[in-house]
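Have a look at the structure below, then the notes.
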Amino acid sequence: MKVIGVLGSPRSNGNSSTIARRVLDGARAAGHEVVIYEINKMNVRGCQACRACKDNGVDCILDDDLKPYWKDLHEAGALVVSAVNYAANVNGPMITFMNRHYCLLDKDWKVRLHPGVKLVGVFSQGNPDLDKYVPVYDWFLGDFQNRKMVLVDKIIHSARMPQEQADALLERAYQVGLSL
């Protein structure tokens with residue numbers, strides 16, 4: 001199975017990216033093919049409301065670095081998305097990424113992606129209250145679930161958690177990847 005990781009942190013080795021990479025390590029150890037996209041290193045434009053996707057039943061036609069992603073997504077069995085929390089929300093580049101999935105709905109609002117793609121969300125925040133931004137993360141992941149993806153796990157990290165708790169989170173992430 002192909003597993004796609006979309007890392008949203010501007011820091012390749014930041015907390016959310018590190019945890020997401022552990023999920024992907026587990027997926028790789030389970031024998032899955034892993035493809036990684038780092039949004040901060042890519043040229044990704046926002047949706048232009050051109051309606052080419054709706055009118056023609058195709059993936060987004062924008063000529064940017066997401067072009068290969070659409071092909072990978074149609075072949076994937078799982079999608080791992082990670083984001084940092086800035087100003088009480090998912091960081092901007094990942095919201096832009098989420099919005100681009102508008103193209104997966106045809107003109108009759110039917111989903112053009114095979115159902116059942118497994119979804120894992122990984123989030124990192126400064127606030128020690130791990131429940132503080134759950135509604136934000138649910139909103140973000142909900143857009144993918146509206147494309148018939150199935151949420152497997154939502155992993156939330158706080159930069160203020162004790163090291164032993166962070167280590168346990170990394171182990172949990174690895175186990176989630178193994179289970180995909």
Side-chain angles (χ1 to χ4, degrees), residues 1-42 44 65-66 68-85 90-91 93-98 100-101 104 111 113-128 130-131 133-134 136-180:
M1 171 175 73
K2 184 179 282 191
V3 178
I4 302 171
V6 180
L7 310 182
S9 177
R11 296 183 302 144
S12 292
N13 295 315
N15 293 321
S16 65
S17 294
T18 298
I19 296 165
R21 286 181 195 281
R22 285 298 290 163
V23 174
L24 298 170
D25 288 345
R28 199 176 285 113
H32 301 303
E33 173 189 358
V34 172
V35 179
I36 298 175
Y37 293 90
E38 288 188 66
I39 291 295
N40 196 55
K41 294 180 179 180
M42 298 169 64
V44 176
D65 292 345
L66 280 182
Y69 167 78
W70 301 115
K71 179 181 180 298
D72 284 337
L73 183 60
H74 286 287
E75 297 171 353
L79 175 64
V80 178
V81 293
S82 70
V84 292
N85 184 319
V90 171
N91 61 314
M94 286 305 284
I95 292 174
T96 296
F97 169 75
M98 174 196 71
R100 289 286 295 280
H101 289 75
L104 296 176
V111 177
L113 179 67
H114 62 280
V117 173
K118 296 174 184 178
L119 175 66
V120 177
V122 177
F123 305 96
S124 185
Q125 62 190 42
N127 192 310
L130 297 178
D131 295 325
Y133 302 109
V134 166
V136 170
Y137 306 144
D138 288 344
W139 164 79
F140 177 78
L141 294 170
D143 199 65
F144 298 94
Q145 291 172 285
N146 287 339
R147 306 307 184 267
K148 306 291 186 204
M149 296 184 196
V150 178
L151 185 63
V152 172
D153 205 347
K154 174 177 45 195
I155 301 171
I156 303 171
H157 168 268
S158 169
R160 293 185 171 87
M161 65 178 35
Q163 188 60 48
E164 60 274 3
Q165 190 177 357
D167 291 344
L169 205 60
L170 287 170
E171 179 57 28
R172 174 178 156 203
Y174 186 80
Q175 293 302 318
V176 167
L178 279 175
S179 74
L180 290 177

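Sequential numbering from 1 along the given sequence is applied to the chain's residues. Computed from a prediction, not measured in an experiment: that's the story for all the values here.
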Response to the item:
Sorted by chain and number, sequence neighbours left out, salt bridge (charged side-chain N to carboxylate O under 4.0 Å, His left out) with K41 holds for E38
Worksheet entry | Under 3.5 Å donor-acceptor, N91 side chain and G8 backbone | yes
Worksheet entry | Audit row: I155, V23, side chain to side chain contact (heavy atoms under 4.5 Å, CB included) steps and yes/no | CA-CA 10 Å; I155 301 171; V23 174; 4.1 Å; yes
Discussion item. I need the minimum non-hydrogen distance between L7 and S17, along with the two atoms involved.
Written reply: CB-OG, 4.0 Å
Fill in: Any P128 side-chain heavy atom under 4.5 Å of S158 side chain
yes
Item to complete: Quick one: closest heavy-atom pair of S16 and A83, and the distance?
Response: CB-O, 3.6 Å
Discussion item. Restricting to non-hydrogen atoms, name the atom on W70 and the atom on R100 that form the minimum distance, rounded to 0.1 Å.
Written reply: CH2-O, 3.4 Å
Discussion item. Under the rule for side-chain hydrogen bond (donor to acceptor under 3.5 Å, both in side chains), what residues qualify as partners of E164, not counting sequence neighbours?
Written reply: none
Response to the item:
Rounded to the nearest 0.5 angstrom, the CZ-CG distance for R22 and L170 is 6.5 Å
Discussion item. Under a 4.0 Å threshold between the charged nitrogen and the carboxylate oxygen, would R21 count as salt-bridged to D25?
Written reply: no
Item to complete: Supply the atom-to-atom distance F97 CZ to L66 CG, rounded to the nearest 0.5 angstrom.
Response: 6.5 Å
Practice prompt. Report yes or no: does R147 contribute a side-chain atom to a donor-acceptor pair with the main-chain N or O of L104 at less than 3.5 Å?
Written response: no
Worksheet item: Is T18 reaching over with its side chain to a backbone N or O of N13, donor-acceptor style, under 3.5 angstrom?
Response: yes
Discussion item. My understanding is that only residues two or more places apart in sequence, or in another chain, count here; which of them pass side-chain contact (heavy atoms from CB on, under 4.5 Å) with D131?
Written reply: D129, V134
Worksheet, complete the sentence: Here the pair of heavy atoms bringing V3 nearest to A27 is CG2-CB, 4.1 Å
Item to complete: Sequence neighbours left out, what passes side-chain contact (heavy atoms from CB on, under 4.5 Å) with V150? Give chain and number order.
Response: none
Response to the item:
Taken in chain and number order and not counting sequence neighbours, the residues that satisfy salt bridge (charged side-chain N to carboxylate O under 4.0 Å, His left out) with E33 are none
In residues 172-180, what donor-acceptor pairs under 3.5 Å come from side-chain atoms, sequence neighbours left out?
| residue | atom | partner | partner atom | Å |
| --- | --- | --- | --- | --- |
| R172 | NE | D153 | OD2 | 3.3 |
| R172 | NH2 | D153 | OD1 | 2.7 |
| R172 | NH2 | D153 | OD2 | 3.3 |
| R172 | NH2 | K154 | O | 3.0 |
| Q175 | NE2 | E171 | OE2 | 2.7 |
| S179 | OG | V176 | O | 2.7 |

Worksheet item: Got M94 and V6 here, is their nearest side-chain heavy-atom distance under 4.5 Å?
Response: yes
Worksheet entry | Non-hydrogen atoms of I156 and L169 that approach each other most closely | O-CD2, 3.5 Å
Worksheet item: Do K2 and V35 touch side chain to side chain, with heavy atoms closer than 4.5 Å?
Response: yes
Worksheet item: Is the closest side-chain heavy-atom distance between M161 and L130 below 4.5 Å?
Response: yes
Item to complete: With rounding to the nearest 0.5 Å, note down the distance linking CG in L79 to CG in L113.
Response: 9.5 Å
Worksheet entry | With sequence neighbours excluded, residues passing side-chain hydrogen bond (donor to acceptor under 3.5 Å, both in side chains) with H74 | D59
Worksheet entry | Flag side-chain contact, heavy atom, 4.5 Å: N146 against H101 | no
Fill in: Minimum heavy-atom distance between D65 and M42, given as atom pair plus value
O-CE, 3.2 Å
Please list every donor-acceptor pair under 3.5 Å in which a side-chain atom of residues 115-123 meets a protein atom from a residue at least two apart or in another chain.
none

Discussion item. So, using side-chain contact (heavy atoms from CB on, under 4.5 Å) as the criterion, who are the partners of R11 when residues are at least two apart?
Written reply: S9
Worksheet item: Can you check whether V81 reaches L141 side chain to side chain, under 4.5 Å on heavy atoms?
Response: yes
Worksheet entry | Partners meeting salt bridge (charged side-chain N to carboxylate O under 4.0 Å, His left out) with R160 (sequence neighbours left out) | none
Worksheet item: Y37: what forms a ring-ring contact (aromatic ring centres under 6.0 Å, His included) with it, not counting sequence neighbours?
Response: Y69
Response to the item:
Across all chains, not counting sequence neighbours, the ring-ring contact (aromatic ring centres under 6.0 Å, His included) partners of H32 are none
